[in-house]
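Numbers restart at 1 for each chain; the letters A, B, ... are given by sequence-line order, proteins then strands. Side chains included, hydrogens not; waters and symmetry mates left out as well; all remaining heavy atoms used.
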2 protein chains.
Amino acid sequence: MKLGTKGRYAVMALVDLAYYSKGKPLAVTEIAQRQSLPASYLEQLFATLRHKGLIASTRGHQGGYSLAREAETIRISEILEAIGEPIETTRCSKTSDTGCVGTKGTCLTHALWAGLGQQMHQYLNGISLADVCERRLT
Amino acid sequence: MKLGTKGRYAVMALVDLAYYSKGKPLAVTEIAQRQSLPASYLEQLFATLRHKGLIASTRGHQGGYSLAREAETIRISEILEAIGEPIETTRCSKTSDTGCVGTKGTCLTHALWAGLGQQMHQYLNGISLADVCERRLT
DNA sequence: AGCATTCCTGACTAATTTAGTCAAGTATGA
DNA sequence: TCATACTTGACTAAATTAGTCAGGAATGCT
């Protein structure tokens, strides 16, 4: 149950973007340096984040990336999902309930994992980029 | 951010143990069959759970495994930690805060991941094997 | 026009982790 | 003594992670 670099880097980069961009777009290399992340890897991540509509790009000189929406409206849960680091606590889901303790149709542990996933999602969905920037984190 | 089979199987097996063992020890193969888990893999997991003191073994005929303590006192968080599936949301921790947004000493995202980890731990620590068996899961 | 800058894309890969299998024991009760 | 069941360690195939690298395309500045 660990958070990979993909999700971690994506959030770090977007927080940096929200924090240091004053209207102007920021270059990948600038962000990568400040956060000490591999630039070429970050480029990859930004590509998918752009396709998902979380950030916008400006090409050429003085170009770079900027948030597609207000920092207040971008939730951490969105970023993780967009980058392909979803919260997966359950494996038996939706259709069939096989591989479970077959006591009463639905498995005993399913509710446990589903509850955990919901808990995590709720937390990450309740926090925006702006919240992280301004250190409003309970 | 996904839960591996190791942690999942361990909890499933201990829930099964708590649910079906009536004082008597249960054989690994029995549990594995009922939960449709690979028996040889489960054996491995049970070995480490025993070393960590969560379960006890009885060898020979009519032998098997049983919970080392009351199901009410064994928390899910314990099982996951014992089996080697800890909750790792942060990477920069304890000693140095390198690799973070260096605005004020501690990084901006650190608090976020720490909060997530705490959230998860709190949830899993608040649930015992008995709770899962009796479907008391909020 | 030309050049530096920056995004953009896809292919590739080394290392680690996961999810097991397999074989050979050892202890115990019937 | 034999079947049952735990016990241990070595091994491995496949998937995932965490990147690198090379080349191309758009844009603004001089």
### Query
Want to settle it: does Ala27(A) or Thr5(B) sit nearer the 5' end of DNA chain C, counting the closest nucleotide to each?
Ala27(A)
### Glu134(A): side-chain hydrogen bond (donor to acceptor under 3.5 Å, both in side chains) partners, not counting sequence neighbours
Arg136(A)
### Task
Please list, chain by chain and in numerical order, all residues satisfying side-chain hydrogen bond (donor to acceptor under 3.5 Å, both in side chains) with Ser40(A), sequence neighbours excluded.
none
Can you tell me if [X] touches the phosphate of [N], counting only side-chain N or O atoms and a distance under 4.0 Å to OP1 or OP2?
{"X": "Tyr9(B)", "N": "dG20(C)", "answer": "yes"}
{"X": "Ser40(B)", "N": "dT21(C)", "answer": "yes"}
{"X": "Tyr65(A)", "N": "dC8(C)", "answer": "yes"}

Among [options], which is the nearest nucleotide to the side chain of [X]?
{"X": "Arg50(B)", "options": "dT20(D), dA19(C), dT7(D)", "value": "dT7(D)"}
{"X": "His61(B)", "options": "dT7(D), dG29(C), dT21(C)", "value": "dG29(C)"}
{"X": "Val28(A)", "options": "dG19(D), dT7(D), dC7(C)", "value": "dC7(C)"}

Taking [X] for the side chain and [Y] for the main chain, is one N or O donor matched with an acceptor at less than 3.5 Å?
{"X": "Glu72(A)", "Y": "Ala130(A)", "value": "no"}
{"X": "Glu85(B)", "Y": "Gly7(B)", "value": "yes"}
{"X": "Asn125(A)", "Y": "Gln122(A)", "value": "no"}
{"X": "Glu43(A)", "Y": "Val28(A)", "value": "no"}

### For Glu70(B), salt bridge (charged side-chain N to carboxylate O under 4.0 Å, His left out) partners two or more places apart
none
Short heteroatom pairs, N/O only, protein and nucleotides 24-26 of chain C, under 3.5 Å:
{"from": "dT26(C)", "atom 1": "O2", "to": "Arg59(B)", "atom 2": "NH2", "distance (Å)": "2.9"}

#### Entry: Comparing Gly60(A) and Lys6(A) on DNA chain D - which has the more 5′ nearest nucleotide
Lys6(A)
Which donor-acceptor pairs under 3.5 Å do the side chains of residues 45-62 of chain A make with protein atoms, sequence neighbours left out?
{"from": "Thr48(A)", "atom 1": "OG1", "to": "Leu45(A)", "atom 2": "O", "distance (Å)": "3.2"}
{"from": "His51(A)", "atom 1": "ND1", "to": "Ala47(A)", "atom 2": "O", "distance (Å)": "3.0"}

## Note on the structure
If each end axis of the helix from dA1(C)-dT30(D) to dA30(C)-dT1(D) is fitted on five C1' pair positions, the angle between them, to 10 degrees, is 10°
### Query
What's the spacing between Gln33(B) CD and Asp16(B) CG if we round to 0.5 Å?
11.5 Å
